[in-house]
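Shown next, in structure tokens, is the structure this report addresses.
Treat the numbers as computed from the prediction; the structure is a model and nothing was measured. The residues of the chain are indexed from 1 along the displayed sequence. Just follow the structure's listing: the first ligand is 1, and inside any ligand the first atom is 1.
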Amino acid sequence: MATIRLGDVAPDFKAQTSEGEIQFHDWLGDSWGVLFSHPADYTPVCTTELGTVAKYKPEFDKRNVKVAALSVDGLESHKGWISDINETQNTTVNFPIIADEDRTVSELYDMIHPNASEKATVRSVFVIDPAKKVKLIITYPASTGRNFDELIRVIDSLQLTAYHQVATPANWQNGDDCVVVPSISTEDIPKHFSKGYKEIKPYLRTTPQPNLN
Ligand code: BEZ
């Protein structure tokens, strides 16, 4: 069993998926990635989640994020289930679902928590940056469907930090002011942020979201 921590390189693997074989790192290319696991095919909560992700595809595309799902069921099972997802969620599944029958990927990513279930994966989410570093790990129980608005919100925050040197405060939403990262001195803020800033405390400086006009 591997333990993956933030900042680690996301383990690479080869896998069969509903869209053909992938070598994970090659498949990611220069994109950001989301890898998320499901307890099993033909389960109710997962059906709604995968339908939701299919509808959110344009949001992931806008952010240069590739998404892959995983369960320990096989390809034939995935194919039948995808038809059900398309029918019941009124969508078309447009991302690969990994068939991890031998649990190689689940074990690499520590997605099976034996005290929750010996056989099924929990609902893990990994966000991976273009350098293949793990930037976010969230684990939900099987009975709780994930909030994909929250996932998009976190990706926006991660990308603001990566590209614009800001962090995001509690309950931040797209368009709200951001926090200047501590590594930038207050004196240097004007060099980095043309929209101005507020110094609430020497360690708490905010600036309008830099990537908006
Ligand atoms: C599921 O849909 O995966 C699920 C629903 C209730 C409890 C556990 C799993």
Notebook entry, point to check: If you count the atoms of ligand 1 from 1 in the order shown, which ones are under 4.0 Å from a heavy atom of Cys46?
Noted result: 2 (O), 3 (O)

Notebook entry, point to check: Under 3.5 Å, side chain of Gln159 to main-chain N/O of Arg63, donor-acceptor pair present?
Noted result: yes

Item checked: Test item, Arg123 contacting ligand 1 (heavy atom, 4.0 angstrom) -> yes

Check: Is there side-chain contact between Ile112 and Arg103, with heavy atoms separated by less than 4.5 Å?
Finding: yes

Check: In terms of atom number and element, which parts of ligand 1 are under 4.0 angstrom from non-hydrogen atoms of Val45?
Finding: 1 (C), 2 (O), 5 (C)

Check: Would you say the side chains of Gln23 and Asp12 form a donor-acceptor pair under 3.5 Å?
Finding: yes

Check: Is the side chain of Lys55 donor-acceptor paired with the backbone N or O of Gln89 at a distance under 3.5 Å, no angle test?
Finding: yes

Notebook entry, point to check: So which protein heavy atom does atom 4 (C) of ligand 1 come closest to, and at what separation?
Noted result: Ala142 O, 3.8 Å

Item checked: Nitrogen or oxygen of Pro44 less than 3.5 angstrom from that of ligand 1 -> yes

Check: How are the rings of Phe36 and Phe95 set relative to one another: parallel (under 30°), tilted (30 to 60°) or perpendicular (over 60°)?
Finding: tilted

